[in-house]
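First the structure, in the form of structure tokens, and then the observations on it.
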Amino acid sequence: MFIFFWYQQYFAVKRMMERVHIDSDGKRKGGVVWHTQGSGKSITMVFMSKNLAMDEDISPHRIILVTDRTDLDSQLFKTFKSCGKEITRASTGKHLGKLIEDPGHQNISTLIHKFNAALNQRTFKNDSRNIFVLVDESHRTQYGMMHARMRKALPEACYIGFTGTPLMKNEKNTARKFGGIIDSYTMDRAVEDKMVVPILYEGRTTIIDTWKEKLDREFERDMAEMTREQRAEYKSRFSSLNEVLKSEKVVDSITRDVTEHYTNNLKHTSFKAQLAVPDRKTAVRY
């Protein structure tokens, strides 16, 4: 089986392998791989696992893939399987605890909150230095108790974080928490390499401010025949921005705005567009 990969993945794995060998203090240093969205971090993790398997100085070893969303957990699981790597997915916190204690499971994938449940079931700790924890989307959920519980369960493990989100000033703790930046591949580099297309962000929620008077009139018209109690409940229902964004009148107005914007700016071009909405039902209505 042949797997195609890009140079940023090759050099990231090479630098990770140089980093993780036990140092003079008897520790394995971790760090953060900051590769922009769309640059193939999941495949980079697969390559890392294959390189670890071939390194005689690190055998035997185990890998735990950690993320914070079910869809990402599923994606990583499927990527490893499709690349010929056996992997077991933790179904519950109790199951995760058993998988960590059983050395027969070399590759494990889990959601980070399952460490909480695992430690609640019983106190367990694995002191192996040959466990490598690869944390996807490491800029999220890596502060406070969830990260601390993971560290408590695996105190000597080597932690490597992966993120595609630029680390802003207040997120530099991510790099420090994991041990510094191992490798970076920026959006500018990815666009230059034609790895990804340019992303243009345009926030348009402020347009609601210009609709306020119209929306107020529409809501007043809706409430014309309502009792005082019904009016209070109706106003309470639409008091948050998310609820306003799900209302039929706002969906209709935004739809018209998106259509006009697309027609004037994107039609007959190679660009795509993405619209973020509050929930699935609203997405179907759009």
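What you see is a predicted model; the values in this text were computed from it and never measured. Throughout, numbering of the chain's residues begins at 1 and tracks the sequence.
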Review point. Does the pair D102/K98 count as a salt bridge with the N-to-O cut at 4.0 Å?
Key: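 Judged by the 4.0 Å cut-off on N to carboxylate O distance, D102 and K98 do not form a salt bridge.
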
Please confirm whether the backbone N or O of [Y] pairs with a side-chain atom of [X], one donor and one acceptor, at under 3.5 Å?
| X | Y | value |
| --- | --- | --- |
| Q9 | W6 | yes |
| N51 | F47 | yes |
| H261 | D257 | no |
| R28 | Y159 | no |
| D193 | M195 | no |

Exercise for review: Evaluate whether atom CD of E18 has more than 12 neighbouring non-hydrogen atoms of other residues, nucleotides or ligands under 6.0 angstrom away.
Suggested key: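 Count over threshold, so yes.
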
Point to revise | K85, NZ: over 12 other non-hydrogen atoms inside 6.0 angstrom | key: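 More than 12 heavy atoms, drawn from other residues, nucleotides or ligands, come within 6.0 Å of this atom.
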
Point to revise | Residue that, paired with H35, satisfies side-chain hydrogen bond (donor to acceptor under 3.5 Å, both in side chains) out of T163, T186, D183, T44 | key: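 Result for side-chain hydrogen bond (donor to acceptor under 3.5 Å, both in side chains) with H35: D183.
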
**Study point:** Same apolar cluster: I100 and I112, side chain cutoff 4.5 Å
**Key:**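 Linked within one cluster.
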
Review point. Given the rule that I, L, V, M, F, W and Y join up when any side-chain heavy atoms are under 4.5 Å apart, are M48 and I182 in one cluster?
Key: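 Yes; tracing contacts between hydrophobic side chains, which count when under 4.5 Å, links both residues.
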
Check your understanding: Partners of R89 by side chain to side chain donor-acceptor pair (under 3.5 Å), sequence neighbours excluded?
Key ->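 For R89, the residues satisfying side chain to side chain donor-acceptor pair (under 3.5 Å) (neighbours in sequence not counted) are D73.
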
Exercise for review: Evaluate the ring planes of F178 and H147, with Trp represented by its six-membered ring, and classify them as parallel (under 30°), tilted (30 to 60°) or perpendicular (over 60°).
Suggested key: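 The arrangement is perpendicular - the two ring planes meet at more than 60°.
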
Practice item. Looking only at non-hydrogen atoms, find the nearest pair between D23 and D25 and report the distance. Key: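 Looking at all heavy atoms of both residues, the shortest contact is OD1-N, 2.9 Å.
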
**Study point:** Flag for S39-Q8: side-chain donor and acceptor within less than 3.5 Å
**Key:**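 Looking only at side-chain atoms, S39 and Q8 do not form any donor-acceptor pair under 3.5 Å.
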
Review point. Is a side-chain donor-acceptor pair under 3.5 Å present for H21 with D55?
Key: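 Result is yes, a qualifying pair exists.
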
**Study point:** D71: side chain to side chain contact (heavy atoms under 4.5 Å, CB included) partners, not counting sequence neighbours
**Key:**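 Partners of D71 under the side chain to side chain contact (heavy atoms under 4.5 Å, CB included) test: R69.
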
**Study point:** Listed partners of K78 passing salt bridge (charged side-chain N to carboxylate O under 4.0 Å, His left out), at least two apart
**Key:**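 Per chain and number, K78 pairs via salt bridge (charged side-chain N to carboxylate O under 4.0 Å, His left out) with no residue.
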
Practice item. Apply side chain to side chain contact (heavy atoms under 4.5 Å, CB included) to the pair C158 and I160, showing each step before the final yes or no. Key: CA-CA 7 Å; C158 178; I160 300 177; 4.3 Å; yes

